[in-house]
J.: 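Following this message is one structure expressed as structure tokens.
In each ligand, atom 1 is the first atom listed, and ligand 1 is the first ligand listed. Nothing here was measured: the structure is a model prediction, and the numbers come from that model.
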Amino acid sequence: MRTIDDLRVAGQRVFVRADLNVPLSGDTITDDGRIRAAVPTISRLAEAGARVLVASHLGRPKGAPDPAYSLAPVARRLGELLGQDVAFATDTVGPSARETVAGLGEGQVALLENLRFNPGETSKDDAERAAFAEELATLADLYVGDGFGAVHRKHASVYDLPQRLPHAAGGLIATEVGVLRQLTDEVKRPYAVVLGGAKVSDKLGVIEHLLTRADRILIGGGMAYTFLKAQGHEVGSSLLQEDQLDTVRGYLDRARELGVEFVLPVDVVAAPGFPDLVAKTPTSPTTVSVDDFPADLMGLDIGPRSCELYVSKLADAATVFWNGPMGVFEHPDYAEGTRAVAQGLLDSSAFTVVGGGDSAAAVRQLKFDENAFGHISTGGGASLEYLEGKTLPGLAALED
Ligand code: ADP
Ligand code: MG
């Protein structure tokens with residue numbers, strides 16, 4: 001893969017496909033991690049004299065302008081982090097975009113409005129995507145792919161556009177791919193994987209792949225209850241994916257055959273209902289053993305004995321990959337499991353990789369020092385698909 005060092009960017013219009021898909025509350029950015037991750041490549045290009053045109057998606061608007069998903073607040077924050085003005089185009093390929101690009105001087109930076117305001121961006125129809133990519137291509141001379149969080153999407157700006165312009169990978173993508181390679185080609189053992197988050201079905205592919213690669217798989221979060229149920233435990237009113245029980249049973253059997261250690265919670269923190277994540281009103285959590293799960297309670301975090309168990313399984317690992325919070329960490333009553341596992345990663349001497357948007361947000365929300373981890377990936381779905389061994393369209397398009 002070519003990198004930006006292989007491009008002559010001075011004076012050129014460089015289209016940077018970044019991933020600035022940050023969580024917003026109104027027009028306040030609640031976690032700017034992805035913007036900060038995009039800054040190094042953008043500033044390097046600007047310092048080299050490029051006219052930098054940054055583009056990204058935000059959320060899931062329905063192929064038409066929607067003020068709730070405007071990138072305007074992101075343009076302001078990007079400007080603060082870069083320490084220079086960022087011009088903002090109020091459309092993607094319309095008059096504002098053309099005027100903004102024409103006004104860019106060497107070393108200046110502009111941001112386009114949300115790419116998903118155009119239906120061509122995410123279209124499944126190759127011709128519709130190509131048509132949008134053609135329009136985007138007229139705005140720039142060179143393409144830099146740096147939106148790691150979107151490389152698993154066959155979208156116009158990720159897949160079709162780099163085929164139309166001389167292209168290279170930005171620094172963020174180069175780093176992410178380098179780290180993920182250490183988890184696939186040359187992993188140091190013991191290799192422990194911690195998986196959590198909401199749904200098992202989101203993570204089936206990666207579990208399947210990891211069964212033949214990891215030494216230990218630790219399961220927490222909402223997906224733990226499908227595993228516990230598959231083992232014959234009651235799980236009250238916890239999140240349960242009945243339709244996945246057979247698949248999960250199959251994984252547990254294969255793990256036994258392959259000698260992979262599967263670790264499930266031994267106790268959980270439960271409550272009668274799902275907590276209010278906006279008001280964050282205090283609840284009345286109780287710790288229950290998985291052998292004695294009351295029918296009217298919902299498991300919302302792993303319990304203290306499970307935390308101890310999980311930390312002990314991380315202590316002597318040489319490599320740890322963690323994706324998915326252990327509980328509903330957004331509420332303080334159910335954040336302890338996630339906190340304990342994050343601390344367990346830090347206390348182990350392993351090379352630690354955190355993947356997943358919510359997992360990375362949890363690390364920051366719980367005030368951990370991000371730099372203390374080996375690597376925090378900006379791409380949840382992308383890093384999982386990479387680990388599954390899938391071909392990622394946005395990386396394939398940068399290859400040749
Ligand atoms: P990531 O973005 O890191 O890949 P996911 O999106 O898979 O993680 O899952 C994160 C979500 O899982 C969080 O919003 C969290 O509240 C939720 N979650 C964790 N534990 C539970 C649980 N026991 N019940 C319901 N939801 C849970
Ligand atoms: Mg998520």
J.: Could you tell me if S201 and Q244 have a donor-acceptor pair between their side chains, going purely by distance under 3.5 Å?
T.: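 No - no donor-acceptor pair under 3.5 Å links their side chains.
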J.: Considering only heavy atoms from C-beta outward, does the side chain of D141 approach that of V14 to under 4.5 Å?
T.: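 SC-SC contact between D141 and V14 ruled out.
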J.: Distance-only, no hydrogens or angles: does the D160 side chain make a donor-acceptor pair with backbone N or O of A133 under 3.5 Å?
T.: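 Absent.
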J.: Have a look at D358 and say which of its N, O or S atoms is nearest the Mg ion (ligand 2).
T.: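 For D358, the N, O or S atom at the smallest distance from the Mg ion (ligand 2) is OD2.
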J.: Can you tell me the protein heavy atom closest to atom 7 (O) of ligand 1 and the distance?
T.: K203 NZ, 2.9 Å
J.: Considering only NZ, NE, NH1 and NH2 on the basic side and carboxylate oxygens on the acidic side, decide whether E80 and R77 come within less than 4.0 Å.
T.: yes
J.: Please state which option from L277, V328, V363 has its nearest heavy atom closest to atom 27 (C) of ligand 1.
T.: V328
J.: I need the atoms of ligand 1 closer than 4.0 Å to a non-hydrogen atom of Y225, numbered in the order shown.
T.: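 Matching atoms, with element in brackets: 23 (N).
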J.: Would you mind checking which non-hydrogen protein atom is closest to atom 19 (C) of ligand 1, with the distance to 0.1 Å?
T.: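 It is G327 O, 3.1 Å.
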J.: Distance to 0.1 Å, residue and atom name: give those for the protein heavy atom nearest to atom 5 (P) of ligand 1.
T.: D358 OD2, 3.8 Å
J.: Looking at N323, which atoms of ligand 1 are within less than 4.0 Å of one of its heavy atoms?
T.: 4 (O)
J.: On a heavy-atom basis, which atom in S348 and which in L314 lie closest, and how many Å separate them?
T.: CB-O, 3.1 Å
J.: Give the single entry among A198, G356, G357 that approaches atom 12 (O) of ligand 1 most closely by any heavy atom.
T.: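 Shortest heavy-atom distance from atom 12 (O) of ligand 1: A198.
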J.: Any ion pair linking E121 and R17 (charged N to carboxylate O, less than 4.0 Å)?
T.: yes
J.: Please classify the M298 to ligand 1 contact at 4.0 Å (heavy-atom distances, strictly less than): side chain, backbone, both or neither.
T.: neither
J.: So that I can tick it off, tell me whether D19 and R153 are bridged by a salt bridge, with the cut-off set at under 4.0 angstrom between side-chain N and carboxylate O.
T.: no
J.: Using 4.0 Å as the upper bound for N to carboxylate O, is an ion pair formed by E242 and K229?
T.: no
J.: Check contact between D202 and ligand 1, using heavy atoms of the residue and a distance below 4.0 angstrom.
T.: no
J.: In terms of ring plane angle, is the pair F293 and Y225 parallel, tilted or perpendicular, where the classes change at 30° and 60°?
T.: perpendicular
J.: Closest by any non-hydrogen atom to atom 22 (C) of ligand 1: pick that one out of A335, A360, G222.
T.: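 Closest candidate by heavy-atom distance is G222.
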J.: For S359, counting its heavy atoms only, list the atoms of ligand 1 lying under 4.0 Å from any of them.
T.: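 By the 4.0 Å cutoff, the relevant atoms are 1 (P), 3 (O).
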J.: If hydrogens are left out, which of G220, A361, A224, G299 has an atom nearest to atom 23 (N) of ligand 1, that is, the closest non-hydrogen atom?
T.: G299
J.: I need the nearest protein heavy-atom contact for atom 16 (O) of ligand 1: residue, atom name and distance, please.
T.: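 Ranking protein heavy atoms by distance from atom 16 (O) of ligand 1, first comes E330 OE1, 2.7 Å.
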